[in-house]
Amino acid sequence: MSNCVGCGICWTVCPKGVLTGKLRDKAYVLNESLCSGCFSCQNNCPYSAIRVTPIQY
């Protein structure tokens, strides 16, 4: 998330509430295991700062 400018779009569009901006005003993953892999954060980030990598079971 090096391109992150802390705009807040990702944590507002995440349906699971996995992301927050409470760490240095940048996007931060609270609990990776709750991520549903919907790509909302990645698809809505205007700075291409997020890459969702689905967990392989």
Spatial distance of atom CD1 (Ile9) from atom OG (Ser40) [nearest 0.5 Å]
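Result: 12.5 Å between the selected atoms.
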State the SG-NZ distance between Cys7 and Lys26, to the nearest 0.5 angstrom.
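It is 10.5 Å, given to the nearest 0.5 Å.
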Side chain to side chain contact (heavy atoms under 4.5 Å, CB included) between Leu19 and Leu30, worked out:
CA-CA 6 Å; Leu19 298 159; Leu30 284 172; over 6 Å; no
pair Val13-Asn44: side-chain heavy atoms closer than 4.5 Å:
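Yes, at least one pair of side-chain atoms sits under 4.5 Å.
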Show the nearest heavy-atom pair for residues Cys4 and Ala49, with the distance to one decimal.
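Heavy atoms of Cys4 and Ala49 come nearest at N-CB, 3.5 Å.
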Mind listing the closest non-hydrogen atom pair of Val18 and Cys14 along with its distance?
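Heavy-atom minimum between the residues: N-SG, 3.2 Å.
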Who are the side chain to side chain contact (heavy atoms under 4.5 Å, CB included) partners of Ser36, not counting sequence neighbours?
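Lys16, Cys38.
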Test side chain to side chain contact (heavy atoms under 4.5 Å, CB included) applied to Val52 - qualifying residues, sequence neighbours left out:
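Residues passing side chain to side chain contact (heavy atoms under 4.5 Å, CB included) with Val52: Phe39, Cys41, Gln42, Ile50.
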Name all residues meeting the side chain to side chain donor-acceptor pair (under 3.5 Å) criterion together with Asn31; count only those two or more places apart in sequence or in a different chain, and write none if there are none.
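Asn31 satisfies side chain to side chain donor-acceptor pair (under 3.5 Å) with Ser33 once adjacent residues are dropped.
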